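To start, the structure itself, in structure tokens.
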Amino acid sequence: MSTHERYNAPATEAKWRAAWEQADIYRTDNDDPRPKYYVLEMFPYPSGRIHMGHVRNYTMGDVVARYRRAKGFNVLHPMGWDAFGMPAENAAMQNNTHPAKWTYANIDAMKAQLKSMGLSLDWSREFATCDVAYYHQQQRLFLAFLKEGLVKRQTRKVNWDPVDQTVLANEQVIDGKGWRSGATVEQRDMPEWCFAITDYAQDLLDAIDTLDRWPDKVRLMQRNWIGRSEGLMMRFPLTVHEPSGLSEIEVFTTRPDTIFGASFVALAPGHPLAKAVAEHNPDVAAFIAETQKMGTSAEVIEKAEKRGVFTNLRVAHPFDPDITLPVYVANFILMDYGTGAIFGCPAHDQRDLDFARKYSLPVHPVVRPKDADDTFHVGADAFTDDGVIFNSRFLDGMSIPDAKNEIATRLENTELDGRPQGTRKVNFRLRDWGISRQRYWGCPIPVIKCDACGLVPVPDDQLPVKLPEDVTFDVPGNPLDRHPTWKHVDCPSCGAPAQRETDTMDTFVDSSWYFARFTAPDAAAPIDKAVMEDWLPVDQYIGGVEHAILHLLYSRFFMRAVAKAGYGDRPEPFKGLFTQGMVTHETYGSLTREWLTPEETRPVTAAEAADLAAKYARHIEVSKRLDADPRIDKTLLHVVLDPAVETSACEAYDAYFAEAKCEPLTAGRIWFSPAHPLRAAAPEAWLMNLKAATLTPAFNYGVEKMSKSKKNVVDPDSVLSTYGADTARWFMLSDTPPERDIEWTDAGFDASHRFVQRIWRLVGEAIAAMDRPGSGDGAALRKATHASVRAIEEAIEGLGFNRAVARLYEWTNALQKAIPDTAVPGSVLRESVEAMVVCFGPMMPHLAEECWTALGKDGFVANAAWPAVDESLLVEDTITLPVQVNGKRRAEITVAKDTPKDQIEAAVLEMEDVKRFLNGPPKKLIVVPGRIVNVVA
RNA sequence: GCGGGCGUGAUGGAAUGGUAGACAUACCGGACUUAAAAUCCGGAGGCGUAAGCCGUGCGGGUUCGAGUCCCGCCGCCCGUACCA
């Protein structure tokens with residue numbers, strides 16, 4: 001072969017992938033005696049096409065897998081499909097294809113694309129969660145959990161679309177309306193199957209401390225999500241009994257110390273007392289009805305303006321029956337947390353303060369900063385920091401913890417209706433995991449509802465409960481529920497006619513144990529205990545940070561449940577976790593930011609820029625005049641002015657055109673914000689909008705996460721087939737730290753491609769020089785080689801792929817200088833090049849194989865051992881220290897490695913570059929061995 | 001709203017509290033070429049003739065020394081329980 005040919009990546013890569021497959025080198029044997037290493041990337045949803053996020057994720061995982069393989073581990077690196085979920089049903093509705101057909105076709109297409117990346121995956125373990133074999137085992141796990149008491153029935157609030165007669169996901173509710181029907185969404189109570197994750201709240205919290213190879217941010221997010229808080233359940237007696245007979249309100253509070261600052265009690269709209277009042281109070285009933293049209297997500301509820309309605313009820317203050325507090329129903333109180341009721345202390349809680357200001361309720365500060373006196377007042381901001389209690393009778397002068405304790409103790413010892421008025425309670429924000437979904441494309445919940453026997457588990461010999469195939473999606477609602485025969489079965493217990501549960505499981509259930517199933521994908525039981533315990537926990541799990549809470553917490557719970565059900569004791573599934581950043585790309589759009597593909601734009605010529613600038617000068621001028629208009633929402637990039645609404649702004653427009661004596665705009669009155677590129681970017685930087693028939697500008701709207709809707713996706717398939725996988729892989733690893741968002745740029749990608757070619761050329765040139773004896777010993781290159789190997793292995797082990805890439809660039813630079821240097825012996829070149837090929841093999845596996853063959857080596861580099869580092873070459877005998885005067889670098893000094901401190905001090909004080917900054921002896925002289933010298937003048 | 005993260009040259013970024021800007025991209029100059037691409041060599045944070053001064057989103061603080069630690073802001077991004 002000639003190594004001076006250009007490297008033909010697509011052809012060469014296909015050749016090596018075929019060779020690997022032929023030799024089946026990525027199949028993992030559970031009985032291989034070498035130490036095990038389990039690398040897993042979060043498995044993909046089979047949307048039909050891979051996206052750049054997948055390319056990044058799987059490249060990182062593959063580097064780790066191939067590196068560990070080279071380091072002598074028995075590596076498990078499997079792949080499968082998170083294949084249930086709503087998109088398949090949406091596709092079924094839109095294209096009239098069955099979800100299964102659509103999903104499996106997508107899997108085939110995506111598998112081919114993934115294969116073209118050259119990943120070292122054991123495809124023999126592949127499965128999809130929609131495979132009957134997989135969900136059969138999942139149903140068995142569900143029933144095992146049911147038997148262990150880990151499954152409950154609870155009532156939950158869901159988004160209900162009254163037109164489509166269906167439950168909506170939060171993302172399907174847009175501004176309070178159903179995405180498809182446009183109908184106003186209502187909250188509705190729905191009985192649900194739940195997993196008892198709260199049983200493990202404390203354990204899940206405590207064990208976070210053991211996850212030392214997880215990112216701190218994820219651990220913190222999980223801690224906050226579990227939300228342990230110590231507080232007090234306290235009961236407030238109603239001053240007048242409510243007609244329904246309810247006589248008290250129980251609240252949970254973490255701030256009992258602020259009880260003397262209480263100015264109201266508020267109930268969640270779903271609170272039993274609120275519902276009772278609504279029976280006879282139309283105002284309260286109307287308010288509750290209105291809050292139910294709000295959507296169920298925490299974001300919507302808490303962002304909404306804080307509003308409430310007075311119930312006409314009052315409660316007595318627990319420490320002074322003469323003080324009574326009004327009872328409100330308020331939209332910001334969550335029924336799911338605590339008791340669904342609070343006492344409001346406006347001075348020390350921002351939400352309570354906002355509420356109190358709105359309804360003119362008193363604001364009594366009862367905690368003051370340590371350095372403030374008793375005149376301390378609260379203005380627009382609640383005081384939530386540490387301080388001293390005041391205005392609180394017997395608590396005055398106490399610290400917050402002491403006051404909390406005092407209140408708790410007193411109320412524990414106060415009887416109200418024969419029970420203590422207060423009880424200390426540890427509360428968790430974490431709720432049980434509702435797994436019921438009223439959808440078709442999910443794992444059926446294997447339970448039968450019998451009028452006589454209640455909820456009856458499907459016996460094991462009647463599993464799996466398969467999804468019926470003859471379903472339609474042309475009418476709203478759950479196809480399982482309206483299927484003519486599927487749900488009608490005989491009760492396994494009494495034999496009477498009964499009905500199947502028609503809910504299916506949340507897809508998070510599917511992804512909560514797939515990593516365990518991969519260890520023994522064909523096992524007769526859901527999990528092969530011994531094999532699973534051998535492989536788990538996953539040594540390195542890699543995926544998006546968007547899974548930091550739910551998926552990862554559910555999986556941690558699930559494995560605890562698995563252990564309780566006797567399927568194997570590995571409560572923590574993921575030992576090492578890494579969350580990679582997203583892939584972003586520039587976006588382009590029209591004047592009013594209708595997204596455009598890059599092909600729908602082109603740069604403007606100088607003449608066009610001038611024309612466009614002239615055409616839009618009027619808009620820019622009017623926009624500037626409107627910047628101060630209070631009617632305009634300044635958070636938007638542009639506002640289309642409606643003559644019917646934006647009268648003053650429109651008048652300003654018309655006035656300008658009258659003044660300028662040019663043709664006025666009637667349509668097209670738009671305010672452009674100062675941040676809009678029409679105003680922020682020079683006309684020469686604008687683009688032509690090729691979709692428009694007339695001379696119309698388009699703009700670069702900045703870098704955003706790749707998404708279809710923003711028309712800024714780059715299709716991996718075309719990149720892979722044109723330039724090859726190694727270029728794409730190298731690009732994904734270069735420059736940007738893996739945990740951060742990476743911006744896809746053509747320039748960066750081209751540079752990666754040039755580097756692939758450069759390596760190929762360099763290896764060829766080195767091979768041509770490998771026979772030479774060399775006039776020197778090549779010590780510098782040997783040192784660079786061994787130092788590079790060490791630096792790269794450290795970088796990969798720390799998942800600093802961008803740092804590993806930088807070290808490889810340095811290494812190729814060193815080689816490039818060494819090749820024409822005839823002093824360097826060929827044997828040293830060979831050592832360096834062979835080591836380098838093994839070291840970049842995990843990143844560019846195809847190129848590495850081709851180089852390996854060119855070097856005359858036998859076998860696959862994919863099976864080659866990682867180069868051994870000669871430690872003796874890494875030891876430096878002299879060392880150069882920077883010398884600072886008053887913290888500024890002024891000189892440097894080179895000394896023998898073991899030079900004693902006092903000798904360094906003496907030498908430094910003799911240096912001209914030091915002396916000229918000194919007037920007499922230094923105040924202080926700091927020598928940090930091996931690091932730095934600092935002279936303090 | 002709440003929780004979390006990020007912010008360093010034109011750009012991506014590097015830097016156990018110890019020489020800020022490694023490495024790369026874009027750019028500029030040179031070599032090769034009829035020419036271009038590719039390739040190779042060299043340059044470069046800003047200001048200044050220079051000594052030097054200034055520089056890690058903004059404002060404070062701790063330290064002999066702060067991109068790094070602490071406090072307060074600003075901006076962008078992610079999650080928020082039925083998207084996966």
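Proteins get letters first, then strands, A, B, ... in listed order; numbering begins at 1 in each. Predicted model only: the values in this text are computed from it and were never measured. All values below come from the heavy atoms of this structure, side chains included, with hydrogens, waters and symmetry mates left out.
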Note to self: Is there a side-chain contact between A/Asn813 and the phosphate of B/rA24, meaning an N or O under 4.0 Å from OP1 or OP2?
What the structure shows: yes

Notebook entry, point to check: For A/His551, which contact category applies under a 4.0 Å heavy-atom criterion: base, sugar-phosphate, or nothing?
Noted result: nothing

Note to self: Base, sugar-phosphate or nothing for A/Glu810? Non-hydrogen atoms, less than 4.0 Å.
What the structure shows: sugar-phosphate

Note to self: In whole Å, measure the gap between the C1' atoms of B/rC6 and B/rU19 for me.
What the structure shows: 27 Å

Next item on the list: Please identify each residue that fulfils side chain to side chain contact (heavy atoms under 4.5 Å, CB included) with A/Pro603, with sequence neighbours left out.
Entry: none

Notebook entry, point to check: What does A/Gly544 touch in the nucleic acid at a heavy-atom separation under 4.0 angstrom: a base, only the sugar-phosphate, or nothing?
Noted result: nothing

Using a cutoff of under 3.5 Å, can you pull out all pairs of nitrogen or oxygen atoms linking the protein to nucleotides 45-54 of chain B, with atom names and distances?
from	atom 1	to	atom 2	distance (Å)
B/rG52	OP1	A/Arg916	NH1	3.2
B/rG52	OP1	A/Arg916	NH2	2.8
B/rC53	OP1	A/Arg890	NH2	3.4
B/rC53	OP2	A/Arg890	NH1	3.4

Next item on the list: State the dot-bracket string of RNA chain B. Criteria: Watson-Crick or G-U wobble, both atom distances under 3.5 angstrom; notation: ( ) intrastrand, [ ] crossing earlier pairs, | interstrand, . unpaired.
Entry: (((((((..(((.....[....))).(((((.......))))).(((....)))..(((((..]....))))))))))))....

Next item on the list: For this output row, return yes or no: ring centroids of A/Trp760 and A/Phe755 closer than 6.0 angstrom.
Entry: no

Check: Contact class for A/Arg807 vs. all strands (heavy atom < 4.0 Å): base, sugar-phosphate, or nothing?
Finding: base

Next item on the list: Please check the phosphate of B/rU80 (OP1 and OP2 only) for any side-chain N or O of A/Asn170 closer than 4.0 Å.
Entry: no

Next item on the list: Looking at every strand, decide which applies to A/Gln438 at a 4.0 Å heavy-atom threshold: base, sugar-phosphate, or nothing.
Entry: base

Next item on the list: Could you check whether A/Glu192 gets within reach of a base, just the sugar-phosphate, or nothing at all, counting any heavy atom under 4.0 Å?
Entry: base

What are the atom names and distances for every N/O pair under 3.5 Å that joins the protein to nucleotides 65-72 of chain B?
none

Checklist line | C1' atoms of B/rU33 and B/rA20, separation to the nearest Å | finding: 41 Å

Note to self: Can you see if the side chain of A/Arg758 gets near the phosphate of B/rC40 - specifically, an N or O under 4.0 Å from OP1 or OP2?
What the structure shows: yes

Next item on the list: Give a yes/no on whether any side-chain N or O of A/Lys924 is located under 4.0 angstrom from OP1 or OP2 of B/rC64.
Entry: yes

Notebook entry, point to check: What integer number of Å spans the C1' atoms of B/rG59 and B/rG12?
Noted result: 29 Å

Margin query: I'd like to check the ring pair (Phe, Tyr, Trp, His ring centres under 6.0 Å) partners of A/Phe332; sequence neighbours left out, ordered by chain and number.
Written below: A/Phe355

Next item on the list: Between B/rG67 and B/rG13, how far apart are the C1' atoms? Round to whole Å, please.
Entry: 13 Å

Note to self: Tell me whether the side-chain N/O atoms of A/Gln816 come closer than 4.0 Å to OP1 or OP2 in B/rC40.
What the structure shows: yes

Atom pairs, protein N/O to nucleotides 9-12 of chain B N/O, distance under 3.5 Å:
from	atom 1	to	atom 2	distance (Å)
B/rG12	O2'	A/Thr736	OG1	2.6
B/rG12	N2	A/Asp735	OD1	3.0

Check: Distance between the C1' atoms of B/rU11 and B/rG3, in whole angstroms?
Finding: 32 Å

Check: Side-chain donor or acceptor of A/Arg803 under 3.5 Å from a matching atom on the base of B/rC23?
Finding: no

Check: When the aromatic ring centroids of A/Phe558 and A/His551 are compared, is their separation below 6.0 Å?
Finding: no

Note to self: Whether the side chain of A/Arg219 engages the backbone of A/Ile208 through a donor-acceptor N/O pair (distance < 3.5 Å, no angle test) should be reported.
What the structure shows: yes

Notebook entry, point to check: Considering only heavy atoms from C-beta outward, does the side chain of A/Arg156 approach that of A/Asp189 to under 4.5 Å?
Noted result: no

Next item on the list: Determine if the base of B/rG12 is syn or anti; take syn to mean the glycosidic torsion is within 90° of 0.
Entry: anti

Checklist line | Nearest-nucleotide 5' precedence on RNA chain B, A/Lys705 against A/Arg429 | finding: A/Lys705

Next item on the list: Pick the P atom in B/rA24 and in B/rG42, then give their distance to the nearest Å.
Entry: 12 Å

Next item on the list: Report which part of the nucleic acid A/Val928 touches: base, sugar-phosphate, or nothing (heavy-atom distance under 4.0 Å, all strands).
Entry: base

Notebook entry, point to check: Counting distance only, does the side-chain N/O of A/Glu89 pair as donor-acceptor with the main-chain N or O of A/Met86 below 3.5 Å?
Noted result: no

Next item on the list: Please identify each residue that fulfils ring pair (Phe, Tyr, Trp, His ring centres under 6.0 Å) with A/Phe731, with sequence neighbours left out.
Entry: A/Trp744

Check: So among A/Lys705, A/His54, A/Arg56, which one has a side-chain contact (heavy atoms from CB on, under 4.5 Å) with A/Val583?
Finding: A/Arg56

Next item on the list: Round to the nearest Å and state the distance from A/Lys217 atom NZ to B/rG3 atom C1'.
Entry: 13 Å

Next item on the list: For A/Ile926, answer base if it contacts any base atom (sugar-phosphate contacts may also be present), sugar-phosphate if it contacts only those atoms, and nothing otherwise; contact means non-hydrogen atoms under 4.0 Å.
Entry: base

Notebook entry, point to check: Hey, does A/Ala548 reach any base, or is it just sugar-phosphate, or nothing, if we go heavy atoms under 4.0 Å?
Noted result: nothing

Check: Contact class for A/Ser436 (heavy atom, under 4.0 Å): base, sugar-phosphate, or nothing?
Finding: base

Check: P atom, B/rC74 versus B/rC82: distance in rounded Å?
Finding: 33 Å

Item checked: With sequence neighbours excluded, residues passing side chain to side chain contact (heavy atoms under 4.5 Å, CB included) with A/Pro215 -> A/Lys217, A/Val218, A/Leu577, A/Thr579

Check: Which value, in whole Å, describes the distance between the C1' atoms of nucleotides B/rC69 and B/rU16?
Finding: 14 Å

Item checked: Residues in side chain to side chain contact (heavy atoms under 4.5 Å, CB included) contact with A/Ala382, at least two apart in sequence or another chain -> A/Gln350, A/Leu353, A/Thr384

Margin query: I want to know whether A/Tyr554 and A/Phe195 have ring centres closer than 6.0 Å.
Written below: no

Check: Of all residues at least two apart in sequence or in a different chain, which pass the side chain to side chain contact (heavy atoms under 4.5 Å, CB included) check with A/Glu739?
Finding: A/Phe578, A/Pro737

Next item on the list: Using the test ring pair (Phe, Tyr, Trp, His ring centres under 6.0 Å), find all partners of A/Phe515 that sit at least two apart in sequence or belong to another chain.
Entry: A/Phe574

Mind listing the side-chain donor-acceptor pairs of residues 220-228 of chain A below 3.5 Å, one per line with the distance, residues two or more places apart or on another chain?
from	atom 1	to	atom 2	distance (Å)
A/Gln222	OE1	A/Arg556	NH1	2.9
A/Gln222	NE2	A/Ala548	O	3.0
A/Arg223	NH2	A/Asp209	OD1	3.0
A/Asn224	ND2	A/Leu220	O	3.4
A/Arg228	NE	A/Gln202	OE1	2.8
A/Arg228	NH1	A/Glu230	OE2	2.7

Notebook entry, point to check: So which one's nearest nucleotide on RNA chain B is more toward 5', A/Gly85 or A/Arg431?
Noted result: A/Arg431

Margin query: Need one value for A/Leu430: base, sugar-phosphate or nothing, where a base atom within 4.0 Å counts as base even if backbone is also close, heavy atoms only.
Written below: base

Margin query: Salt bridge or not between A/Asp913 and A/Arg916? Use side-chain N to carboxylate O under 4.0 Å.
Written below: yes

Item checked: salt_bridge(A/Asp432, A/Lys152) N-O dist < 4.0 Å -> yes

Notebook entry, point to check: To the nearest angstrom, how far is A/Arg6 atom CZ from B/rU39 atom C1'?
Noted result: 11 Å

Check: Heavy atoms under 4.0 Å, any strand shown: does A/Lys303 hit a base, just sugar-phosphate, or nothing?
Finding: base

Note to self: Does A/Phe508 reach a base, just sugar-phosphate, or nothing at all? Heavy atoms under 4.0 Å.
What the structure shows: base

Check: When all nucleic acid strands are considered with a 4.0 Å heavy-atom cut-off, which category describes A/Trp433: base, sugar-phosphate, or nothing?
Finding: nothing

